[in-house]
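Numbers for residues simply follow the sequence, beginning at 1.
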Amino acid sequence: MTIKRFFTVAAVLMAAFATQAKGEKDGGEWVATWATATEFTGKGDMPKSGTLTEKAIRQIVHVSIGGKTMRLHLSNEYSKEAVEIKSVFVADIVENADTKTEDIGIAIEPKTARYLKFGGKKTITIAGGETAVSDPLNYDLKPLQRLAITISYGSTPVNATSHRGSRTTSYIIKGEAKPKTIFKDMEREDHWYNIATIDVEAEGRSAIACIGNSITDGRGTTTNLQNRWTDRLAETLQQNEATRNLAVLNLGIGGNSVFYGGLSAPAVKRYDRDCLEQAGVKTVVVFEGVNDLGGINGDAEARAAKIIECYKEFIRKAHERGMKIYGATITPFLGSFYDDGGFFREAARQTINKWIRESGEFDGVIDFDSIIRNPADPSKMKDEYHCGDWLHPNPEGYKAMGEFAGKVFRGE
């Protein structure tokens, strides 16, 4: 074989290997059942003790669809130093009606605990800026289950990779945790650290990836009760035989924007990773824009046009992958800290919502505005649906949104 021929064959094999490796996340039999959008962790969102080094953390997630085989994605993307993980195990939590809301998930069923492995080993060190995925694990993960993920750390970065708005308490103890370890003398933090996605093997199923801001992230919901609109959507889909095969992924970030300002990477920068590259995603929901509008001071027309331009790019990318994409209308904010007297910001909201409803460019529309707004004052939320700040819904508002979205996906 000539040298030229050798390198040609090698290049083809490397390309095939890269495609196969990518497909392990993007397709095949794997479907994401739970996911969160990871972020940089500033000092204020680290544990109060300042570090996770030589500690164990128990984190609770609410999955959508179930499966008999699962894998976990861990992320150290936003950290400069490596994170050293001694072990990770998953387990069913103790479901007890007498458990206080703030304690849900502390206790697990030890007999259900299963250790995850990475390349056949319980330990893994993830370099700064990198991610890792566990080996497949046989585990009876049930639809809508609350699952405990317990990670024991060695050395950890100064700034972890996390998700700030977990709306779910994580429990932290010193030392290494094992399935029969009793969690006491704990730190409590309402953040997730390092966990990013859970996939299940689920033939004939697919996922809906929902990108958004704090309204998707769940500001105004009840901590530990899993009552975001995406949770309600997952519950609604599970109630119907025709939609039970649909997973729901919450990729909301509090304070996030489409393009202008906001907290963490804007949607235009994280869209591919958080939505398009999740395993088994065939549908995307875009529900974002209110934080972009919050900065308007007279440039309403230009800002609305830019947001619509970004939506078009989201649509193009989804369609290139053969995915469906739905646009969700921006909900009212009159009376909130974004209220500018009903002028520029409200005008931009109306312009964007009109385009979402009437352009025909999205494959479908989830008209959250029509569900949340006050019929007597359409620039304002219904009294019974706001959480007190006139921007974020309360649990009843999220319930109405999730059930409405479920009807859209059922074609009602």
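Note on residues 282-292: pairs passing side-chain hydrogen bond (donor to acceptor under 3.5 Å, both in side chains), not counting sequence neighbours, are N291-Y338. Identified under the side-chain hydrogen bond (donor to acceptor under 3.5 Å, both in side chains) test for residues 114-136, with sequence neighbours left out: none.
Note that the CD1 atom of I325 and the NE2 atom of H319 stand 6.5 Å from one another [nearest 0.5 Å]. Of the inter-residue distances, the one linking I215 atom CD1 with L391 atom CG reads 5.0 Å to the nearest 0.5 angstrom. Note that CZ of F333 is 5.5 Å distant from CG of L293, once rounded to the nearest 0.5 Å.
Panel note: side chain N194, backbone S75; a donor-acceptor pair is recorded below 3.5 Å. A donor-acceptor contact shorter than 3.5 Å is absent between the side chain of E235 and the backbone of L144.
Partner of D367 under the salt bridge (Lys or Arg N to Asp or Glu O under 4.0 Å) criterion, out of R357, K407, R373: R357 alone.
Counting only heavy atoms from C-beta outward, the side chains of P332 and L334 never approach each other to under 4.5 Å. Proximity of R219 to R167: side-chain heavy atoms (C-beta onward) are separated by under 4.5 Å at one or more points. A heavy-atom distance below 4.5 Å is not found between the side chains of F409 and V248.
With 3.5 Å as the limit, one finds a donor-acceptor pair spanning the side chains of S64 and T33.
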Please report the C-alpha distance between T38 and R273 in whole Å, then the side-chain angles of each, then the deciding distance to 0.1 Å, and finally whether the side-chain hydrogen bond (donor to acceptor under 3.5 Å, both in side chains) criterion is met.
CA-CA 10 Å; T38 53; R273 179 201 69 178; 3.2 Å; yes

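The number of heavy atoms from other shown groups lying within 6.0 Å of CD (E203) does not exceed 12. Counting non-hydrogen atoms of other residues, nucleotides and ligands closer than 6.0 Å to NZ of K399 gives a total of 12 or fewer. When the shell of 6.0 Å around CD of E301 is examined, it contains 12 or fewer heavy atoms from other residues, nucleotides or ligands.
Residues Y271 and F314 bring their aromatic ring centres within 6.0 Å.
The residues R188 and E102 are annotated as not salt-bridged, no charged nitrogen and carboxylate oxygen being separated by less than 4.0 angstrom.
The aromatic rings of W34 and W192 sit perpendicular, their planes meeting at an angle over 60°, well past the 30° parallel limit.
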